[in-house]
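Proteins get letters first, then strands, A, B, ... in listed order; numbering begins at 1 in each. Hydrogens, waters and symmetry mates play no part in the numbers below; they use all other heavy atoms, side chains included.
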2 protein chains.
Amino acid sequence: MKQNLSETCGQFFSTLANPTRLAILELLRDGPRNVTEISEALNQEQSMISHNLKPLERCRFVFSERRKKERFYSLNKETMEQLFKIFSYHAEKYCPTGGKCRTNRGLQEQKKKDASSSLYLTRH
Amino acid sequence: MKQNLSETCGQFFSTLANPTRLAILELLRDGPRNVTEISEALNQEQSMISHNLKPLERCRFVFSERRKKERFYSLNKETMEQLFKIFSYHAEKYCPTGGKCRTNRGLQEQKKKDASSSLYLTRH
DNA sequence: GAATGATATGAATATAATTTCATATGACAC
DNA sequence: GTGTCATATGAAATTATATTCATATCATTC
């Protein structure tokens, strides 16, 4: 822990910082899909899906497995569900305008609320 | 939960997908710093630090507070420590080459290990 | 091994993000 | 209000990332 997070985290977050890849991840929450299915569901070019699946697999956010001619991709639920959970909690608490966080306005007002609330995502 | 993560998560992860911003976050783990201190510690232009602090504050990964002429930035530990924890766990388990994940090689070999291990980050 | 269906790859183009530099704004002390 | 230190902003230039299209590879069936 604490050893050069800035260097090691880069690819992790960069891979998630893309709407197509997030859409793929979201789709895969419903179960494994092959490339064609993903590309149809998201209404995107097959090659684009393939290109985007590569960093997702490299970072192990998804796993893949061949079945006959097709390749099925499945979600790394362990990591992704935790990540989505943190995001949801954070967005709900800190980004009341629907997670969009488009403005810096209202930071002062919000700060007061922050001080009073101290719920944690996972309580033991 | 589950409502258009792909749309709402974008800014969250994009903000984290930058080495300067990650370095700022890492620095702030040691406590609040003003802009000048950050820029000196990271050896970067002051204006660059300011530019990068903006999205961090917009997403509420950091908070800020004026003290006299200076503005001190502090980490949103609640969110960030959880995020770093997930990252560390994931990297250790899935990216044995030091979290770099530069290649897709060895995915087959790794996959076998994955099946046997099923530790969770937070156990209750 | 030829044909087909499914996925991956490469390279050019298009798009978006970051960095830099000059300068503006803000807060405070005098 | 002037001067000074601290931070923020805007816009141009640079750099990185994503998208597209054409085509290559791979697995399978016959």
Side-chain angles (χ1 to χ4, degrees), chain A residues 6-7 9-25 27-28 32-59 61-74 101-105 107-108, chain B residues 6-7 9-25 27-28 32-59 61-74 101-105 107-108:
Chain A
S6 47
E7 283 174 27
C9 279
Q11 213 162 78
F12 186 92
F13 292 122
S14 296
T15 295
L16 296 171
N18 174 291
T20 304
R21 292 196 284 274
L22 286 172
I24 292 174
L25 292 171
L27 177 66
L28 294 183
R33 299 278 189 279
N34 69 29
V35 180
T36 306
E37 286 169 341
I38 297 172
S39 108
E40 281 167 359
L42 303 184
N43 203 35
Q44 301 281 358
E45 292 252 340
Q46 172 269 318
S47 74
M48 186 184 164
I49 299 303
S50 273
H51 277 305
N52 278 295
L53 281 166
K54 194 154 53 165
L56 286 174
E57 182 166 29
R58 193 193 308 123
C59 282
F61 295 142
V62 305
F63 305 120
S64 82
E65 180 194 9
R66 247 195 198 287
R67 293 220 292 264
K68 294 185 150 194
K69 289 182 191 172
E70 300 145 67
R71 176 171 291 272
F72 281 78
Y73 286 87
S74 60
C101 286
R102 288 239 177 74
T103 170
N104 263 349
R105 287 253 219 99
L107 286 189
Q108 293 312 320
Chain B
S6 47
E7 283 175 25
C9 278
Q11 215 161 77
F12 186 93
F13 292 121
S14 296
T15 295
L16 297 171
N18 174 291
T20 304
R21 292 195 285 274
L22 287 171
I24 293 174
L25 293 171
L27 177 65
L28 294 182
R33 298 279 188 279
N34 69 30
V35 180
T36 306
E37 286 168 341
I38 297 172
S39 107
E40 280 167 1
L42 304 184
N43 204 34
Q44 302 280 355
E45 293 252 339
Q46 173 270 318
S47 74
M48 187 184 163
I49 299 302
S50 274
H51 276 304
N52 278 294
L53 280 167
K54 195 154 54 166
L56 285 174
E57 183 166 29
R58 192 192 309 122
C59 281
F61 295 141
V62 305
F63 306 121
S64 83
E65 179 193 8
R66 247 194 199 286
R67 294 220 293 263
K68 297 183 149 197
K69 288 181 192 171
E70 300 144 66
R71 178 170 291 273
F72 281 78
Y73 286 86
S74 61
C101 287
R102 288 238 176 75
T103 168
N104 262 350
R105 287 252 218 100
L107 286 188
Q108 293 311 320

When only distance counts, do a donor and an acceptor, one from the side chain of [X] and one from the base of [N], lie under 3.5 Å apart?
X      : N       : result
E70(B) : dA27(C) : no
S47(A) : dC21(D) : yes
H51(B) : dT20(C) : yes
Q46(B) : dA8(D)  : yes

Using atom [atom1] of [X] as one end and atom [atom2] of [N] as the other, report the distance to the nearest whole Å.
X      : N       : atom1 : atom2 : answer
R67(A) : dT7(C)  : CZ    : P     : 11 Å
M48(B) : dA22(C) : CE    : P     : 17 Å
N43(B) : dT19(C) : CG    : P     : 14 Å
L42(B) : dT19(C) : CG    : P     : 12 Å
E40(B) : dA6(D)  : CD    : P     : 9 Å
R71(B) : dC28(C) : CZ    : C1'   : 15 Å
I49(B) : dT19(C) : CD1   : C1'   : 11 Å
E57(B) : dT7(D)  : CD    : P     : 13 Å

Is the shortest side-chain N/O distance from [X] to OP1 or OP2 of [N] below 4.0 Å?
X      : N       : answer
K54(B) : dA8(D)  : no
Y73(B) : dA8(D)  : yes
N52(A) : dA18(D) : no
R66(A) : dC26(D) : no
N34(A) : dA6(C)  : no

What does [X] touch in the nucleic acid at a heavy-atom separation under 4.0 angstrom: a base, only the sugar-phosphate, or nothing?
X      : value
K68(A) : sugar-phosphate
T36(B) : sugar-phosphate
R21(B) : sugar-phosphate

Item to complete: Name the orientation class of the two ring planes belonging to F13(B) and F13(A) (parallel below 30°, tilted from 30 to 60°, perpendicular beyond 60°).
Response: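 Answer is parallel, since the angle falls under 30°.
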Item to complete: Compare all side-chain heavy atoms of L56(A) with those of N52(A) and state whether any distance is below 4.5 angstrom.
Response: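 The answer is no; the side chains never approach within 4.5 Å.
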Practice prompt. Report yes if the side chains of L16(B) and F61(B) come closer than 4.5 Å at any heavy-atom pair, otherwise no.
Written response: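 Yes, side chains in contact.
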Worksheet item: Do you know the tightest heavy-atom contact between L22(A) and C9(B)?
Response: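 For L22(A) and C9(B), the tightest heavy-atom pair comes out as CD1-CB, 3.7 Å.
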Item to complete: State, without any angle test, whether Q46(B) and S50(B) hold a side-chain donor-acceptor pair at a distance under 3.5 Å.
Response: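 Note: Q46(B) and S50(B) side chains meet the donor-acceptor criterion.
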Item to complete: Determine the sole option in I49(A), V35(A), I24(A), L25(A) for which the side chain to side chain contact (heavy atoms under 4.5 Å, CB included) test with Y73(A) is passed.
Response: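 That would be V35(A); it is the only one of I49(A), V35(A), I24(A), L25(A) passing the side chain to side chain contact (heavy atoms under 4.5 Å, CB included) with Y73(A).
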Item to complete: Return the 5'-most residue of the pair K69(A), N18(A) with respect to DNA chain D, ranking by each residue's nearest nucleotide.
Response: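 The answer here is N18(A).
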